[in-house]
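Chain A is the first sequence line, chain B the second, and so forth, proteins listed ahead of strands; every chain is numbered from 1.
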Amino acid sequence: MEPSITKQETVVLPAARARKKKKMTADRLLAFSFILPSIVLVAIFVYGFIGWTGYVSLSNWNTLVPDFSFAGLKNYIFLFQDFRFQADLRNTLIFTILFIAVVAIVGQLLAIFLDQKIRGESIFRNIFFFPMALSFVVTGVVWQWLLNPTTGVNLFLKKFGLESMWYTDTNILAGFKVGKIEFGVPVAIIAVVIAAVWQMTGFSLAMYLAGLRAIPEELKEAARMDGASEFTIYRKVIIPLLKPITVSVIIIMAHISLKIFDLIYAMTGPGANFVTDVPGVYMFEATFRGNYYANGAAIAIIMLLSVAIFIVPYLISSRKGES
Amino acid sequence: MKKKLILALSLLLAFSMALAGCSDSSSGGKTEGGSKGKEDKLEIFSWWTGAGEEDGLKALLKLFKEKNPDIPVQNAAVAGGAGTNAKAVLASRMQGDDPPATFQVHGGAELNSGWVAAGKMEPLNDLYENEGWKDKFPQSLIDMVSKDGSIYSVPVNIHRGNVLWYNKKVFADNGITPPKTFDEFFAAADKLKKAGVTPLALGDKEPWTATMLFEDILLGTIGVENYTKLWTGEVPLDDPGVVEAAETFKKMLSYINDDHSSRNWQDAAQMVGKGEAAMNVMGDWAKGYFVNDLKLKTNEDFGYITTPGTENSFMVITDTFGLPKGVKNPDDVKKFLSVLGSVEGQDAFNPLKGSIPARTDADQSKYDEYGKQTIADFGKAELAASLAHGSAAPEGFVTKVNQAINIFVTQKEVKQFVDSLKAASGDLKK
């Protein structure tokens, strides 16, 4: 907004500029007074409480009795040495990678299929998009019944002699020891990935479909004139043009998966040996069950920072894009 | 048309924000008119929402209404096994100085080193004096709800934690008698395993069930006296007895169902009910589940015995209600507590809940055969406080034990487990 104002200022005459400037101030004052309430509320209820959480995370408040004496980084050091938190970091990382990759790829493929001007496109679109309308808690409960070793799809698989215990498997694929834990892909987290993908793929599908529709027909036409096959058009023209969409999908999915709580809480819980535990669940149990308020606050701050790693560069680059 | 809709929506939004602002300011004013209706209601906070227990609570509230028709009551129960969700809700309400009129809390550390230590509870000595309760409740039970000579809550029921439930038919088919010792238990388990039946059902999706199994093994291994001393620090947590109990626990874990981590306690009890598994260790609320939900008959379809080595011990889980500081109607709360502690109140609640009364002079004829036997046992057995249910040690320690147990159930590393118990012992003093 500001750059455009200065541009205008350079072309108007000095007398007119004074008038214009005054008018702008009045305008801006009005605009400012409109957003003032939300600035104040956001300052208190978002940034104020983030600051408060940060303050608590540096205190000794680990019982029901508040104790705000300064503890330094004690809570953070405890967490990084804690088996459960190390497992949480592993699970979040693996879950995030698998979840984003599958959602982006499957969403893109479905969008491309739907873009082939097939019959009943809107029906399919709605079917794919529908899970988005559900809450993660509902998804968690439904998939828990579907994937549970004693009910649902596993009874069916058992008939074909397939192993049915993967849902509660505590093995770590491709594991090697890091710190107190075994690092690798926990088998049980795959169940959670399936449920999360089922819910969120519709969203990435919708984004990709919008992106595909925004690509001008002329570009494809030109490529065809140059003798490119349909496959090459997708590989060389369309998919590169969808890159901004892919970035948005990754950012949105990353902030969902890094903060995930409800799906895991409803579906598997922390799991045996914490194979499906995530920081959100640990934070809840530490704070509200164990009364470790400072530890819980430290987990919250770590989660905030991990999301910030994704969001802040995106915000900066999108600001640059605007100007 | 569309514009009108947007206008209507934005008006609605503005209106609701204004409303939110109003309610905020009135609750800030505390004694002002807006929130008066809420203050007058006696809010009873518990986690009794399951079959049986909810009926018990309703019977109790009905009795209270008959005696005090002018006091409106509100049942503010929060669902979730063993109060896991309710405790979280309660913690945030108490921290926000918005306590319910009275709330369910396990006697012992959960009360004493939790809410009492935080200065959130009023002593109830005068109520005990007026009602003449001091010789009506067992002294060891009053001790569990007292700190430094002040009594802080009224026990309403007693559950027993050290019970082994078994499927009668499965036992008969395999020629097994209920095991009294660990040796008998493992002999039976081997026999059952060979016959293709899961010997022991466990459902530790919520880890407190595995903690319960461990505390019962611990009690059976080192006895009530040393078990109690563990939580006061007189016996260290790396005591040879604890190591031995952990070894037994490890051995027992080789007889459980594979899908234990996707089951909750009801699912595990159901395995015994259906005959898929032979035994299950659970508190005696499982009896209510067998009888009310699965429609099974006591001593016909399922049987019960104390867990190995705990024949003369009683793992106590007691639900109590106290008076939080800062409630607007303490006199009404005390009226409720006096109904709760009366013979009539306890006998209205407990037969439905499937627990036994905390008072020693309750009417035994109202209880079923399991209840009668448990009342008799309660009178003569040595009492031990449950760790898994927060009676033995502070909630922070229990949370850490639950985590250590969750890891142990999978890794089965005894040394590492005992080390993490020892490491957590710093949280015992809080």
Side-chain angles (χ1 to χ4, degrees), chain A residues 37-38 41 60-67 78 81-85 87 144-145 147-152 154 163-172 180-182 186 188 191 265-277 282 284-296, chain B residues 17 21 82-92 94-95 110 113-120 204-208 210 257-264 267 270-271 276 390 394-412 416 420 423-424 426-427 429-430:
Chain A
S38 73
L41 290 177
N60 280 313
W61 186 14
N62 277 325
T63 55
L64 275 177
V65 189
D67 173 3
F78 167 79
Q81 289 173 345
D82 185 28
F83 175 90
R84 181 170 184 180
F85 194 69
Q144 182 225 323
W145 289 116
L147 299 181
N148 208 306
T150 43
T151 54
N154 283 298
E163 155 86 89
S164 67
M165 297 310 298
W166 60 281
Y167 183 75
T168 53
D169 200 328
T170 53
N171 284 324
I172 311 289
K180 286 184 178 161
I181 57 155
E182 212 183 340
Y265 195 76
M267 192 173 164
T268 58
N273 213 16
F274 299 115
V275 280
T276 56
D277 197 40
Y282 190 14
F284 173 74
E285 291 193 348
T287 311
F288 294 109
R289 295 212 182 133
N291 303 321
Y292 294 107
Y293 288 89
N295 276 345
Chain B
M17 275 174 87
T84 44
N85 298 329
K87 285 181 194 175
V89 174
L90 180 68
S92 46
M94 295 290 272
Q95 294 290 355
E110 187 178 313
S113 53
W115 303 120
V116 173
K120 302 270 186 192
D204 66 342
K205 188 178 178 190
E206 293 171 84
W208 62 263
N257 44 311
D258 291 334
D259 61 348
H260 58 92
S261 65
S262 68
R263 287 175 182 266
N264 56 25
D267 299 331
Q270 199 174 34
M271 287 182 78
E276 291 166 14
E395 207 75 352
F397 178 77
V398 178
T399 307
K400 286 202 171 154
V401 172
N402 280 338
Q403 290 182 15
I405 288 205
N406 189 6
I407 296 166
F408 183 74
V409 170
T410 304
Q411 298 191 348
K412 300 190 176 76
Q416 195 192 330
S420 48
D427 290 339
K429 300 278 150 41
K430 282 174 183 170

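Judged as a ring-ring contact (aromatic ring centres under 6.0 Å, His included), and not counting sequence neighbours, the contacts of Y293(A) are W61(A). Applying the side-chain contact (heavy atoms from CB on, under 4.5 Å) rule to T276(A) yields the partners A188(A), V192(A), T268(A); only residues at least two apart in sequence or on another chain are considered.
Chosen from F83(A), F284(A), F274(A), F288(A), the residue pairing most often with chain B at heavy-atom distances under 4.5 Å is F274(A). Options V65(A), T287(A), L64(A) differ in how many heavy-atom pairs under 4.5 Å they form with chain B, and the most are formed by L64(A). In terms of heavy-atom pairs under 4.5 angstrom with chain A, the leader among G390(B), A91(B), S262(B), S420(B) is S262(B).
A donor-acceptor pair is defined here as one N or O able to donate and one able to accept, closer than 3.5 Å; no such pair exists between the side chain of N273(A) and the backbone of Q411(B). In this structure, N295(A) contributes its side chain and Y292(A) its backbone to no donor-acceptor pair below 3.5 Å.
The pair R263(B)-E206(B) does not count as a salt bridge, with every side-chain nitrogen at least 4.0 angstrom from each carboxylate oxygen.
Using a 4.5 Å cut-off between heavy atoms, F397(B) touches chain A through its backbone atoms (N, CA, C, O) alone. Heavy-atom distances place both the backbone and the side chain of R289(A) under 4.5 Å from chain B.
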